[in-house]
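Remember, it's 1-based here, ligands and their atoms both numbered in the order they're listed. Note: hydrogens, waters and symmetry copies are ignored here, and every other heavy atom, side chains too, is used.
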Amino acid sequence: MKQRVAILISGRGSNLERILCEAETGVLAGRCEVVAVISNRADAGGLAIAERHGIPTRVVPSARRSTVAYGLDLLAALEPFEVDYVVLAGFLRVIAPEMVARYRDRIVNIHPADTAQYQGAHGYEWAFARGLSATTITVHLVDEGVDTGRVLAQRDVELDGARSLEDVVARGLCVEHALYSETLARLLDGEFGRSPTDD
Ligand code: GRF
């Protein structure tokens with residue numbers, strides 16, 4: 001049975017695009033259906049990507065909303081779609097505890113660093129500023145903290161010879177795109193524990 005997935009974005013949407021392609025004809029095909037794409041910004045590039053793929057989109061603006069108030073907005077927007085999983089793909093708001101409770105162990109995020117070493121935004125800037133020879137992409141479950149949830153998968157990105165931040169980001173995104181869908185497939189297969197439709 002296909003799991004119903006909503007993807008939350010704030011910007012470019014390159015991870016979103018890869019997940020949509022994988023759900024159509026790749027590693028996620030038959031495992032999930034992306035039923036909604038929700039952005040907190042009306043100008044997010046990913047909205048056009050979702051529309052090209054025929055996925056319903058919603059803009060739920062987050063400006064001037066507290067974390068809790070915005071969490072309730074998101075819960076209301078998600079409810080009609082009856083989703084099993086919420087996938088964060090470059091979503092730049094903290095997830096409210098109410099939402100974590102509603103979708104416990106079913107909210108997934110990708111973080112462009114090792115979450116044990118670096119939390120929050122600008123993970124590639126952090127790696128580039130330190131001149132790291134490698135960084136680590138993390139796919140993790142979302143809990144009440146910021147980038148503190150259970151790690152599902154990690155993969156290293158070679159940064160030797162990277163001369164610009166753009167180069168670091170390009171190398172990182174290549175790894176992100178592959179790792180995210182592979183890990184989502186494993187999650188949907190129940191490899192990390194029980195699935196919501198096991199009842
Ligand atoms: C990615 O680097 C992801 O790890 C981070 O935000 C960025 C989103 O990029 N959470 P995109 O919108 O998927 O292109």
Side-chain angles (χ1 to χ4, degrees), residues 5-24 26-28 32 34 36-53 55 57-60 62 67 70 74 85-96 99-100 107-130 132 134-143 145-159 162 164-185 187:
V5 170
I7 303 182
L8 273 51
I9 61 167
S10 295
R12 180 178 49 203
S14 70
N15 278 287
L16 162 71
E17 184 160 37
R18 178 64 175 265
I19 292 167
L20 293 179
C21 291
E22 296 285 354
E24 285 163 6
V27 69
L28 292 170
C32 72
V34 180
V37 170
I38 297 179
S39 173
N40 66 323
R41 298 179 55 118
D43 61 355
L47 288 169
I49 294 171
E51 279 155 20
R52 280 206 298 279
H53 285 260
I55 311 295
T57 60
R58 298 283 183 275
V59 175
V60 183
S62 61
T67 295
Y70 189 61
L74 275 181
Y85 286 89
V86 177
V87 171
L88 310 184
F91 185 66
L92 298 176
R93 285 287 305 223
V94 171
I95 300 299
M99 192 159 146
V100 174
I107 307 176
V108 195
N109 185 42
I110 188 159
H111 181 69
D114 180 344
T115 48
Q117 290 189 309
Y118 184 86
Q119 303 83 34
H122 309 302
Y124 288 130
E125 288 84 344
W126 168 79
F128 183 60
R130 275 157 192 74
L132 301 183
T135 194
T136 301
I137 306 300
T138 305
V139 177
H140 64 95
L141 295 176
V142 173
D143 65 8
V146 174
D147 301 325
T148 52
R150 177 185 169 194
V151 172
L152 300 181
Q154 291 188 308
R155 189 166 294 165
D156 289 342
V157 183
E158 183 63 55
L159 296 181
S164 65
L165 176 60
E166 291 68 31
D167 193 2
V168 169
V169 172
R171 292 185 192 199
L173 284 174
C174 269
V175 173
E176 286 193 37
H177 295 161
L179 183 66
Y180 211 179
S181 291
E182 284 171 26
T183 308
L184 288 171
L187 180 68

Item to check | N15 N/O to ligand 1 N/O under 3.5 Å | outcome: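 N/O-N/O distance under 3.5 Å: yes.
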
Next on the checklist: I'd like to check whether H111 has a polar contact with ligand 1, where a contact means an N/O of the residue lying under 3.5 Å from an N/O of the ligand.
Outcome noted: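 Looking only at distances, the answer is no, because the N/O contact criterion of under 3.5 Å is not met.
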
Checklist entry - Mind checking what makes salt bridge (charged side-chain N to carboxylate O under 4.0 Å, His left out) contact with R58, not counting sequence neighbours? => result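 Not a single residue meets the salt bridge (charged side-chain N to carboxylate O under 4.0 Å, His left out) criterion with R58.
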
Checklist entry - Does the side-chain contact (heavy atoms from CB on, under 4.5 Å) test come out yes or no for L152 and R150, once each step is laid out? => result CA-CA 6 Å; L152 300 181; R150 177 185 169 194; 4.2 Å; yes

Measure the distance from [atom] to every protein heavy atom, then report the residue, atom name and distance (to 0.1 Å) of the closest one.
atom                    : result
atom 8 (C) of ligand 1  : G90 CA, 3.5 Å
atom 9 (O) of ligand 1  : R12 NH2, 3.0 Å
atom 4 (O) of ligand 1  : E176 OE1, 2.8 Å
atom 12 (O) of ligand 1 : G13 N, 2.8 Å
atom 10 (N) of ligand 1 : I110 O, 3.0 Å

Checklist entry - Going by the atom numbers of ligand 1, which of them fall below 4.0 Å from some non-hydrogen atom of Y124? => result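 Heavy-atom distances to Y124 below 4.0 Å select 2 (O).
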
Next on the checklist: Need the ligand 1 atom indices (1-based, order shown) with element for anything under 4.0 Å from a heavy-atom of P112.
Outcome noted: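 Result: 4 (O).
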
Checklist entry - Is it true that the NZ or CZ of R93 lies under 6.0 Å from the centre of Y70's six-membered ring and within 45 degrees of the ring axis? => result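 Flagged: R93 positioned over aromatic ring of Y70.
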
Checklist entry - Quick check: are there more than 12 heavy atoms from other residues, nucleotides or ligands sitting under 6.0 Å from CZ of R41? => result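 Atom CZ in R41 is not packed in, count stays at 12 or less.
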
Item to check | Distance-only polar pair, side chains of Q119 and T148, donor-acceptor under 3.5 Å | outcome: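 Result is no, nothing qualifies.
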
Item to check | Working for side-chain contact (heavy atoms from CB on, under 4.5 Å), residues V34 and L28 | outcome: CA-CA 10 Å; V34 180; L28 292 170; over 6 Å; no

Checklist entry - Does a salt bridge link R52 with E17, judged by any charged N lying under 4.0 Å from a carboxylate O? => result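 Answer for the salt bridge query: yes.
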
Item to check | Structural part of F91 in contact with ligand 1, heavy atom criterion under 4.0 angstrom | outcome: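 For F91, there is no contact with ligand 1 at all, from either part.
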
